[in-house]
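Accompanying notes for the structure given below.
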Amino acid sequence: MARLDFQVIATTLLGAVNQAVNGFLHVHSDQEPTVVPRPLLAEDKWYVSSFGEFYDSSYISVIYFYRNSKDREANRFCGVFVLYLKEALAPNLIKAFGYKDTAETNNEVVADITAELANNIAGVFKKDLSGLGYPELEISAPMKFKGSAGWLSYPKNEKQYYRVTAFVWGQKFALDVMVAI
Amino acid sequence: MKKILVVDDSSVQRKMIIQIIKSAGFSNPTLEAEDGVKAIEIIGNDFQDIGLVLCDWNMPNMTGIEVVGALAKIPPLATLPVVMVTTEGTEAKISEAKRANPNLAGYVTKPFTPDRLKETISPILAKAN
């Protein structure tokens, strides 16, 4: 099967981000999200850190994609999702979900919100891809990090990923997506 | 008044669901489980007082599809109203859930609006209460 082209992936991703931001955060994006392709520089490993992008310690969530349940059981992934939410978004997120703003609440709750937002976006993306010829795609549970997720593997021979940039509550957030489909 | 059990590995998602239930005007007591194992334990201890289970699909230890399938096999629990609340929104997954539990009371795909959840659970709770 021919790989999906950039336009298809971009449209699907942007739709997923908008739907999740609206449906899960219950806000609208400040401006239309954008997506651009970016090169992957290493052969099969990708160092994921928010410092280079946001100059601060962001909350990060990582989700893996698999072509089907068999590949999932064998941990043979075909894609990676990395969501970055800036620490500056924490007060808005905490307030939006009705939590008290305490130092203890911040990290744990915001990490959970980040993971669940990533889960929602990935879920919509996966569902939309199922209608584009990939009906058996599976996703992992979201993993939570702060600042850096370290080295993530991705399928060999992949040369690019997609950077989605969106804005909520006046702050940028980003989503990096690499899918070998 | 019957209890509502919310099963999801995300504490944020559980809190959101409970907030929506309360904002819909339901004052049913709520119980929470972070995975299927905990859900089965709670249901086993309390099933006569539970009027609705809202269950995620992808969870550690025991998934939601395993939970609904297990309930369907136990006669006193087979008719317990269960609504799946999950990112698994394809027709294939919805069919799989209905095959696992033919008495499945509803299916809500994440991300969902509060109204979507309310319109699904309201008739179930009206009957249970």
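All values below come from the heavy atoms of this structure, side chains included, with hydrogens, waters and symmetry mates left out. Proteins come first, then strands; the chains are lettered A, B, ... in the order of their sequence lines, and each starts at number 1.
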In this structure, OG1 of B:Thr87 is separated from CD1 of A:Ile63 (nearest 0.5 Å) by 8.0 Å
Atom group of B:Lys15 that falls short of 4.5 Å from chain A, counting heavy atoms: side chain
Identify the residues of residues 69-80 of chain B whose heavy atoms come closer than 4.5 Å to a heavy atom of chain A, ordered by number, or report 'none'. none
More than 12 heavy atoms from other groups under 6.0 Å of CD on A:Gln31: yes
For B:Lys38, is the NZ atom crowded, meaning more than 12 foreign heavy atoms sit under 6.0 Å from it? no
Is there a side-chain contact between B:Thr90 and A:Pro135 (heavy atoms, below 4.5 Å)? no
Which atoms of A:Glu136 are under 4.5 Å from chain B, going by heavy atoms: the side chain, the backbone, both sets, or neither? neither
Exceeds 12 heavy-atom contacts within 6.0 angstrom, atom NZ of B:Lys93: yes
Within the supplied structure, the quantity of interest is the number of heavy atoms (other residues, nucleotides, ligands) at a distance under 6.0 Å from A:Lys70 NZ; does it exceed 12? no
How long is the gap from CG on A:Asn120 to CD on B:Gln13, to the nearest 0.5 Å? 6.0 Å
Given that the side chain runs from C-beta out, which part of B:Glu91 has a heavy atom under 4.5 Å from chain A: side chain, backbone, both or neither? neither
Give, for atom NZ of B:Lys110 and atom CZ of A:Phe24, the distance between the pair rounded to the nearest 0.5 Å. 8.0 Å
Report the option among B:Asn58, B:Thr86, B:Val12 that has the most heavy-atom pairs separated by less than 4.5 Å from atoms of chain A. B:Val12
Note: A:Glu116-B:Arg14 ion pair, threshold 4.0 Å (strictly below): no
